[in-house]
Amino acid sequence: MAKRIIACLDVKNGRVVKGVKFVGLRDKGDPVELAARYEEEGADEIVFLDITATVEGRKLLLNVVRDTASVLTIPLTVGGGIRDLDDILTVLSNGADKVSINTAAVKDRNIILRAAEEVGSQSIVVAIDAKRIGSEYYVFTHSGTVNTGLKALEWAKTVEALGAGEILLTSIDRDGTRMGYDIELTRLIAENVSIPVIASGGAGSYEHFYEVLTKGKADAALAAGVFHDGVIRIGDLKRYLLSMGIEVRL
Amino acid sequence: MKSLVINYGVGNLYSISSSLSRTGFEVEISSIPKSGYDLIVFPGVGSFPAVSRYILRYRDILDDLYRSGIAFLGICIGMHILFEYSFEGGLNRGLGWFKGYVDKLRTSNKLPHIGWDKVFIANNSGTCSLGSLLDNEYVYFIHSYIVYPAEEDIVCLMSEYGAKFPAMIARGRVIGVQFHPEKSGKMGLKFLESIYRWLKR
């Protein structure tokens, strides 16, 4: 099975933005244009995260989702501000293939169960934003501002049991730093659940991707800033990974 | 060339509709199956119990359309529904146009099976030849369940994820694919184009 390279677009007020450790957001361009470019370069999937998640932001996002779905021929995951089953159905009927839920799942874990029953586990991604405190990883919600007190591994096992089809695991400590993925965190989760894990946060070089897909045991690696800034071209990255013996789709 | 995408009331119909349009099809989306189309598509969205509940309400109409020789394309769950029954979410009946059942992929690998895998030709005759352009190419899968057909000759393409499984089945005017052509990049579009050309003949 090919390892997946996923391009992530953090969308605010209809524009792609990127910050460091979830703050200091800068404009990176038009989401539809970027999504189309990443598909052309060889991305295996696109993830949209609505990081404003206001009512106004929601309407904008749905437009963007529809516009993007009509140009993309690869899977699209949409997340951010999803509150209930209705939101999930709305996002899916507007062109998303998968929905990523985070805060809502922590607030009411039954949402995972109900959503999986209705639309199937394969469409439900649970996003886990984790931060290291001492020797433990804790789950944060509300864009990394609220410590839930949940331990990342326990939460990952819980969402798997409830019917999540995939885990999108972000290291808050590494987000936007380009210091490399948190290999320890990724491996901890990926080795202890039997659903796919997407690693996120910290990509800065080809080697970082290689490391997280091998040592980190991730099924997919997601990045944003390095793709937006042209530091890494997806096609070149995949050729590098292939030369290192990792199966990727070219 | 007119296509009808069946809306079960859940999931993303946008991608398949866009892909069909780009291929050249006129696309209509409807919750009720009806005649007057060259191709009826059962999209790959939802869970088996939800889709089965929906589809079986229109069983008589669908059986008539099937007998009338309209072409059908079932994607993922839309392919599963063509078989007799499924074990997803308890035991549920399907349309039974193909003999066999649906159950979890028996693999020690992680499930759902999400991502890109290659497919290989198992049978290249008749309707199956529509899939031959995908031989040794990557397509996108997202599923935990697969079909276990009772008749081996309907299997056109196979794939492997810890265990081998049917990636495309076909007989007569009915085609089912486990992968998502609408999510499989250029190769997916080429596959839909091959169906378009076949219908035009």
Side-chain angles (χ1 to χ4, degrees), chain A residues 1-6 39-40 42-46 65-78 85 88-89 91-99 115-125 160 163-167 190 193-198 217 219-220 247-250, chain B residues 7-19 21-23 29 43-51 53 76-77 80 88-90 107-118 137-145 159-162 180-190 192:
Chain A
M1 158 135 227
K3 297 281 190 183
R4 287 171 284 154
I5 300 300
I6 300 175
E39 168 171 344
E40 191 56 39
D44 294 306
E45 289 185 34
I46 304 290
V65 169
R66 278 201 302 277
D67 291 349
T68 307
S70 63
V71 300
L72 281 186
T73 60
I74 56 172
L76 176 64
T77 301
V78 174
L85 189 58
I88 292 174
L89 296 177
V91 168
L92 289 176
S93 66
N94 277 279
D97 300 292
K98 299 188 249 182
V99 175
E117 275 171 6
E118 190 69 16
V119 300
S121 285
Q122 73 282 349
S123 295
I124 304 300
V125 180
E160 178 187 11
E166 213 170 9
I167 289 171
V193 296
S194 59
I195 53 177
V197 172
I198 303 166
K217 304 277 175 85
D219 299 280
E247 186 189 350
V248 288
R249 177 188 67 114
L250 271 179
Chain B
N7 181 5
Y8 324 124
V10 290
N12 168 19
L13 304 180
Y14 216 78
S15 308
I16 182 64
S17 306
S18 303
S19 294
S21 305
R22 250 178 288 175
T23 306
I29 298 174
V45 295
S47 63
F48 197 95
V51 172
R53 224 170 24 240
C76 194
I77 200 94
H80 296 175
E88 182 183 347
T107 176
S108 54
N109 290 357
K110 288 182 171 187
L111 288 178
H113 170 216
I114 299 181
W116 301 79
D117 261 311
K118 286 185 172 179
E137 298 285 351
Y138 282 108
V139 291
Y140 188 80
F141 292 95
I142 177 161
H143 65 116
S144 297
Y145 288 78
S159 188
E160 188 169 1
Y161 179 65
H180 288 258
E182 78 281 16
K183 296 280 127 207
S184 294
K186 288 192 185 77
M187 290 319 296
L189 287 180
K190 281 189 181 163
L192 292 174

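In what follows, every chain begins at residue 1, and chains take the letters A, B, ... in the order their sequences are listed. Remember, it's a predicted structure, so these values are computed and weren't measured experimentally.
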What part of [X] lies closer than 4.5 angstrom to a heavy atom of chain B: side chain, backbone, both or neither?
X      : value
A:V78  : neither
A:R4   : side chain
A:K98  : side chain
A:I74  : both
A:A115 : neither
A:V91  : neither
A:I88  : neither
A:E45  : side chain
A:V71  : backbone
A:A96  : backbone
A:E160 : neither

Do B:L189 and A:T73 touch side chain to side chain, with heavy atoms closer than 4.5 Å?
yes

Is any side-chain heavy atom of B:V45 less than 4.5 Å from a side-chain heavy atom of A:V119?
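No, side chains not in contact.
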
Please identify, among [options], the residue contributing the most non-hydrogen atom pairs under 4.5 Å to chain B.
options                     : value
A:E117, A:E39, A:Q122       : A:Q122
A:S121, A:A116, A:P196      : A:P196
A:V248, A:N94, A:D97, A:L89 : A:D97

What's the separation between atom [atom1] in [X] and atom [atom2] in [Y], rounded to the nearest 0.5 Å?
X      : Y      : atom1 : atom2 : answer
B:H113 : A:D219 : NE2   : CG    : 10.5 Å
A:S194 : B:L111 : OG    : CG    : 7.5 Å
A:M1   : B:I114 : CE    : CD1   : 8.0 Å
A:R66  : B:S18  : CZ    : OG    : 11.5 Å
B:Y14  : A:T68  : OH    : OG1   : 10.0 Å
B:W116 : A:R249 : CH2   : CZ    : 3.5 Å

So which residue, B:E160, B:R22, B:E182, B:K186, ends up with the most heavy-atom pairs under 4.5 Å with chain A?
B:R22

Tell me, please, which residues at least two apart from B:Y145 pass ring pair (Phe, Tyr, Trp, His ring centres under 6.0 Å).
none

Quick one: what part of B:I16 sits under 4.5 Å from any heavy atom of chain A, side chain, backbone, both or neither?
neither

Heavy-atom proximity to chain A below 4.5 Å, by part of B:S144:
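When you check distances to chain A, no heavy atom of B:S144 falls under 4.5 Å.
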
Where is the tightest heavy-atom contact between [X] and [Y], given as atom of each residue plus distance?
X      : Y      : answer
A:A190 : B:K110 : O-NZ, 3.2 Å
A:G165 : B:P112 : O-CD, 3.2 Å
B:S47  : A:G120 : CB-N, 4.0 Å

Using a 6.0 Å cut-off, check whether atom CD of A:E247 has over 12 heavy atoms from anything other than its own residue.
yes

With sequence neighbours excluded, tell me which residues meet side-chain hydrogen bond (donor to acceptor under 3.5 Å, both in side chains) with B:S15.
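B:S15: side-chain hydrogen bond (donor to acceptor under 3.5 Å, both in side chains) contacts with B:N12, B:K183.
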
